[in-house]
Amino acid sequence: MADASGSGFEAEPLKGGEAEGGVSKKKSCTEKLGFSHLTGWRTAAFLFSLFLCLAVVFAFSFILPCPVRPQYFSTWNRTLPDAATYDFLAVEDANEDKVLDVLFIYKDSEASRNTCLSEDLSIPCLVLTAVDGTDGKMLWERPLAAEFDWVECGVKGLGRQGTGCLVAHADNLTAIDKKTGVIRWQQSRSSVLNGNLPLISIQDLNADKADDFAILSYNPEAPSFTPIPSELVFFSGKSGDQIGSKANVDWNGVFGHQQFKTASGAPYLLLLTKSGLYAVSLRHLTELAGLESALKEEKSWKEKSDKTGLISLYQSDSLKRVMVVPGSSSPSLLVQTDSSVSLLHTDKLKIAWSTNTSTLLSVPTFGQFDKDGIPDIMIEEDIGNKTKRVLVLSGSSGVVLWEVHLLFWTPSPRPASVLTLNTYSVFMLWGQSQSRGNQTNEMHSSFLLHPRYSQLLLERRNPAQNIISFKATLLERGRHAGYLVLTGPDGRQHADLGETEPVILTKRKIKEDVPESAVLRVGADESAVEEAEVKEAFYRLRFSETQ
Ligand SMILES: *[C@@H]1O[C@H](CO)[C@@H](O)[C@H](O)[C@H]1NC(C)=O
Ligand SMILES: *[C@@H]1O[C@H](CO)[C@@H](O)[C@H](O)[C@H]1NC(C)=O
Ligand SMILES: *[C@@H]1O[C@H](CO)[C@@H](O)[C@H](O)[C@H]1NC(C)=O
Ligand SMILES: *[C@@H]1O[C@H](CO)[C@@H](O)[C@H](O)[C@H]1NC(C)=O
Ligand SMILES: *[C@@H]1O[C@H](CO)[C@@H](O)[C@H](O)[C@H]1NC(C)=O
């Protein structure tokens, strides 16, 4: 009994156990089933992820090309015999390889090149061309009817992807795609035959999702025949059609204009006149053309405007040029007169500083020389006897931070600067050291200035003759600081055919000039900076993304 009971008891638990076991067996079976499902899944997942990993590895190593940086030649040139060229160089990424390409325009008189004839144009014709920034190879050429008037690239709204080039030539305005060189549109420019640069770029006015632009015409008028602006015409960026009516402007004494945006983003047109600097809002101008626009206006400026919409910003009877100081949060203007350069703060309309100068040879150049983060200004004064005084003025106070005397020839290319990661810029300028002045061979030198070693200039005897255009720039984000020199006969002076000198566009990497340079000591400072130390400093330079 006991046994039985025991067994019974034992059996019970056994039974129970068995039952339990059965249950647990069932359970474990189902568990096992689930488990085996799970292991199956796990294995599948494992294999799948392994496969995925391998696929990714494989894809990245073989199928998807790694984002290789384009290789570039440190020096290249593009040479065109029998041509003439114009003071124009633009850098744009035409082939989308993240390296900027170079656009320039030349007049082609060489029939055998067949460029003009391919488009049924008579010889000579104009050719706008883009060459690859990495190696100087031609990307596209766009033959156009001569004569050339002006060109601007980077014009918003012209191409499908934003920007394009606009050429004023013969009777037409021609919009050209920067990637393909294809003509986007071509329109008669009879309404703005005397239209002059700079182009006035403006946000979409005709609701076609492309930015539009306006051209200001300077018509020579009796009795003085000095061109004065007489009309402003708005054009659709997308189609080139005129939008609105011609805005008749009566701006006596205006000889130049410049586009400007206030700190709050209100677009204005600055007008340079014989009595000083004025501004007029683009909104007012669109209203003159009978166009609706939602353009902003600056309240404090609007209060100052007279009944014709003009706002007096600065009085001067010898205004020469106005430039917008780059990269400042509250926009300032550099105002140049016959005998001074001044900095005008546009928020309070106050002159921050003014420095006397003699006649300037070239357009002022901005760059960081001292450590205060405010752009400084390099200017070139003509001091007679073929000599120029090159100065760097402090952007915050106008005081002279640096100077050198050099010989010059005309045309004298404007200096250039490239910003480095160390928050200073390197400057590049042209001329000839006075100690070489007696040499008969009038060879230009290019000079490199490192602001931290400003007792020295690196001088490279540069074979470039007849420099028509010069530009120093970063051809790639954050690297590849190079300069472009366009030499050859000047298309505006050589109207005749049969040029003997070729047009040559040369690109050089800035650092490439360093080993070939000699040292020129500046001023009387005989401090013991070694040539090797300065060259080393140039090699170490890292360039910044923003100009
Ligand atoms: C242009 O480059 C070629 C080699 O690429 C060179 O032989 C020639 O001298 C260069 N021409 C100029 C004017 O620099
Ligand atoms: C001007 O543009 C029109 C329209 O595209 C064209 O027919 C004409 O040939 C062009 N004229 C010149 C000189 O390019
Ligand atoms: C600048 O020129 C003005 C007028 O010619 C003169 O009054 C002023 O003293 C000059 N300033 C300096 C610092 O030479
Ligand atoms: C220019 O040179 C002449 C002689 O060559 C000299 O008499 C004159 O003083 C010089 N002028 C200047 C401003 O240096
Ligand atoms: C240039 O030549 C003149 C005379 O020919 C001489 O007096 C002068 O010292 C020379 N200048 C230099 C820098 O060699």
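Note that ligands are numbered from 1 as they come in the structure, with each ligand's atoms numbered from 1 the same way.
- Within 4.0 Å of atom 2 (O) of ligand 3, at least one protein heavy atom is present.
- Annotation: atom 9 (O) of ligand 2 to nearest protein heavy atom, N172 ND2, 4.7 Å.
- At least one donor-acceptor pair closer than 3.5 Å links the side chain of R142 to the backbone N or O of G181.
- For ligand 1, the polar-atom distance check against N77 finds a nitrogen or oxygen pair separated by under 3.5 Å.
- Within a 6.0 Å sphere centred on CZ of F538, heavy atoms belonging to other residues, nucleotides or ligands number more than 12.
- For ligand 2, one of its N or O atoms has an N or O atom of Q186 under 3.5 Å away.
- Remark: side-chain polar atoms of S425 are paired, donor with acceptor, to backbone N or O of Q368 under 3.5 angstrom.
- For atom 14 (O) of ligand 3, a protein heavy-atom neighbour is found at a distance under 4.0 Å.
- Remark: atom 5 (O) of ligand 1 lies closer than 4.0 Å to no protein heavy atom.
- Counting heavy atoms from C-beta outward, L313 and T346 have side chains that stay 4.5 Å or more apart.
- Only the side chain of I504 comes within 4.0 Å of ligand 1, judged by heavy-atom distances.
- Listed by number with element, the atoms of ligand 2 under 4.0 angstrom from any heavy atom of A145 are 13 (C), 14 (O).
- Using modelled atom types and a 3.5 Å distance limit, the side chains of T129 and E141 yield no donor-acceptor pair.
- Counted by atom type alone, T357 and E381 present zero donor-acceptor pairs between their side chains at under 3.5 Å.
- Of all heavy-atom pairs spanning I383 and S358, the tightest one is CG2-OG, 4.2 Å.
- For atom 8 (C) of ligand 3, the nearest protein heavy atom (residue, atom name, distance) is N356 ND2, 3.6 Å.
- Residue A170 approaches ligand 2 through these ligand atoms, each under 4.0 Å from one of its heavy atoms: 13 (C).
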